[in-house]
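Notes follow the structure.
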Amino acid sequence: MFEWASVSVIGMGYIGLPTCAIFASRGISVVGVDVNPDVVDSVNRGEVHIVEPDLDGLIQKVVANGKLRASLTPEPADAFVIAVPTPMTEDKKADLTYVFTAGRSIAPCLKKGDLVVLESTSPVGTTMRLCKLLAELRPDLKFPDTAGEDSDVLVAYSPERVLPGKVLAELVNNDRSVGGISRRSSDLAASLYSTFVAGDLVITSAESAELVKLTENAFRDVNIAFANELSAVCTHLNLNVWEVIELANRHPRVSILQPGPGVGGHCIAVDPYFIVEAAPKQTLLMSSARRINSERPQSVVDEVCDVVGNEKGLKIACLGLAFKPNIDDLRESPAIEVVKLLAKANIGKIIACEPHVKKLPDDLARLGIEFLDVLNAIDTADIIVLLVDHRQFDLIDPNALSGKKLIDTRGLWTWRKARKADARIIEGRK
Ligand code: SAJ
């Protein structure tokens, strides 16, 4: 097996930084590259700029022992792993600028025998486009798009599939698809990941691996949309959606996800559009799911407006701004959208509370929203809208909530907590 001495990871964000740490922890010399000088400086100080359990200790260790270094520009290495963002344009198309900019930045460093792996979530065909770009920039080297198994440089796609909040464990334990432009590319990429992956490495084509990644997130989006649609049905029929789901999930082949204020993050709320863009006529279900999930923040606001009615001067506290529990990531967060829509609805004083960030994002501050800690937010508010089921909110003393009007979009207080004290289950004998 190839002995990996050096790896360069392009992009030190939510995926790139933990990937740097894991490679470095396996004794490989890692150079993490980022265009943001603040990120480069903080990593070189052994600090992390994202919240992810256990990452800070690991980064501190591998920077201190010299295995990880950060830089603004790529340097020669045995392998280049591209983990840059692939955002969506206004018209819901994939913006691949960062991928191709990363490709252009590593092209001068490439030499015979090097491996380039794209990890960023990408539309089908992106790895081949990257390969062709590299071939164009380095006519002195052979690439697998035209040279096949005789190429000098090996190019593959291998998506991450880790869950924020469990990144370090899932990087190691999850199975991984590895799709090379050639078989040798797949094999070399598999060898690279075998330095830390304990799960299976499953070899396929670059295009299939690209679609597999998009499919995983589109599948989850469709299933969350089902839960959200069911929630609307239950509201219409005046039934408790949390109870209906819990009972339905006792069927051995039913596993419904949880409704909420919408779907956030940079993955599930975005990736299905990359499939829709490629096959618009074939994706009626995925498009509907996206629409259902995107409309959820407005339905939370409608519910708050109903509770407010004609009353004036009420204080409405929104608990949680992150896109999901126990993280600091506010990207594409439906909670933020709810808060913005509430501020624009002009129905009372809006208070926001997010224990994982130090200050309110500027665009919310500009809307006149007040930022308070959880105890003060609850104390001050007439109406409390629970938007994220952070651990801190689970610990709130129920007495502190008495007399307040609650809108619990996550079923934390009105179902999960209430359920613990409930004795409606006649336990079976198994
Ligand atoms: N959500 C619900 N109801 C649920 C589950 C989630 O409303 O029952 C919401 C969350 O609150 C959040 C959003 O969906 O706003 C997404 O959260 P998530 O935990 O489902 O997923 P992400 O975005 O943190 O990570 C996903 C994962 N993909 C899948 O589970 C198929 C992860 O494995 C991927 O690596 C990641 O996307 C990614 O980077 O693509």
Side-chain angles (χ1 to χ4, degrees), residues 11 13-19 50-53 83-88 94 119-123 157-171 173-177 199 209-232 241-242 245-246 248-249 254-275 286 289-290 292-297 299-300 320-338 386-390 393 408-412 415-416:
Y14 284 87
I15 300 302
L17 187 58
T19 304
I50 54 176
V51 172
E52 182 58 43
V84 295
T86 45
M88 195 172 58
E119 280 204 11
S120 312
T121 304
S122 302
Y157 182 71
S158 183
E160 56 75 27
R161 43 166 56 142
V162 293
L163 199 68
K166 291 189 184 167
V167 169
L168 289 176
E170 290 209 355
L171 266 178
N173 295 319
N174 289 356
D175 295 345
R176 211 172 168 119
S177 324
E210 287 162 342
L211 187 59
V212 165
K213 169 68 195 181
L214 301 176
T215 300
E216 292 164 0
N217 284 346
F219 174 85
R220 195 153 168 89
D221 196 45
V222 167
N223 282 279
I224 298 170
F226 181 84
N228 283 333
E229 186 166 277
L230 193 62
S231 168
V241 67
W242 314 102
I245 290 174
E246 190 180 312
N249 282 350
V254 173
S255 181
I256 303 168
L257 293 176
Q258 299 297 300
V263 171
H266 180 63
C267 309
I268 296 186
V270 174
D271 299 359
Y273 289 118
F274 295 1
I275 306 183
M286 292 185 219
R290 271 289 71 237
I292 290 167
N293 290 336
S294 312
E295 286 170 358
R296 287 295 286 180
S299 62
V300 175
L321 294 175
F323 86 85
K324 64 182 221 171
N326 310 319
I327 58 166
D328 70 332
D329 193 341
L330 308 185
R331 291 179 300 171
E332 315 276 335
S333 173
I336 297 237
E337 206 184 327
V338 169
L386 180 81
L387 293 170
V388 187
D389 39 353
H390 284 317
F393 304 151
D408 179 0
T409 69
R410 298 283 181 176
L412 179 68
W415 180 247
R416 277 183 263 166

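Counting starts at 1 for both ligands and their atoms, in listed order.
- The closest approach between a heavy atom of K213 and any atom of ligand 1 is below 4.0 Å.
- Taking only nitrogen or oxygen atoms, main chain and side chain alike, G264 reaches within less than 3.5 Å of ligand 1.
- The closest protein non-hydrogen atom to atom 1 (N) of ligand 1 is I224 CD1, 3.5 Å.
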Side chain to side chain contact (heavy atoms under 4.5 Å, CB included), that's the test. Do I292 and I224 meet it? Break it down for me. CA-CA 9 Å; I292 290 167; I224 298 170; over 6 Å; no
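- For N228, the side-chain hydrogen bond (donor to acceptor under 3.5 Å, both in side chains) test picks out N293, R296, with sequence neighbours left out.
- Looking only at protein heavy atoms, the nearest one to atom 20 (O) of ligand 1 is R220 NE, 2.5 Å.
- Ligand 1 places these atoms under 4.0 Å from at least one heavy atom of P164: 24 (O), 25 (O).
- If you check which protein heavy atom lies closest to atom 32 (C) of ligand 1, you get V162 O, 3.4 Å.
- Protein heavy atom at the shortest distance from atom 3 (N) of ligand 1 is Q258 O, 2.7 Å.
- For the atom pair CE of M286 and CG of N217, the computed distance is 11.5 Å after rounding to the nearest 0.5 Å.
- The OG atom of S120 sits 11.0 Å away from atom CD of E210, with the distance rounded to the nearest 0.5 Å.
- Between the CD1 atom in I245 and the CG atom in L257 there is a gap of 8.5 Å [rounded to 0.5 Å].
- Note that CG of L412 and CG of L386 are 5.5 Å apart. Values are rounded to the nearest 0.5 Å.
- Closest protein heavy atom to atom 19 (O) of ligand 1: K324 NZ, 2.8 Å.
- Counting heavy atoms only, C267 comes closest to atom 36 (C) of ligand 1 of the residues S120, C267, G320.
- In this structure, R410 is part of the shell of residues with a heavy atom less than 4.0 angstrom from ligand 1.
- Distances below 4.0 Å separate heavy atoms of V263 from the following atoms of ligand 1: 13 (C), 14 (O), 15 (O).
- Considering only non-hydrogen protein atoms, atom 21 (O) of ligand 1 sits nearest to I268 CD1, 3.4 Å.
- The heavy atom nearest to atom 28 (N) of ligand 1, considering only L163, N217, N223, I256, is found in N217.
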Does L387 form a side chain to side chain contact (heavy atoms under 4.5 Å, CB included) with V300? I'd like the steps, not just the answer. CA-CA 9 Å; L387 293 170; V300 175; 4.3 Å; yes
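- To the nearest 0.5 angstrom, Y14 atom OH is 14.5 Å from T19 atom OG1.
- For the atom pair E295 CD and R290 CZ, the distance stands at 10.5 Å (nearest 0.5 Å).
- Of the N or O atoms in R161, one or more lie within a sub-3.5 Å distance of an N or O in ligand 1.
- Looking at E170, E216, E119 one by one, the single match for salt bridge (charged side-chain N to carboxylate O under 4.0 Å, His left out) with R161 turns out to be E216.
- Regarding atom 23 (O) of ligand 1, its nearest protein heavy-atom neighbour is F323 CE1, 3.7 Å.
- Remark: ligand 1 atoms within the under-4.0 Å shell around heavy atoms of E216 are 31 (C).
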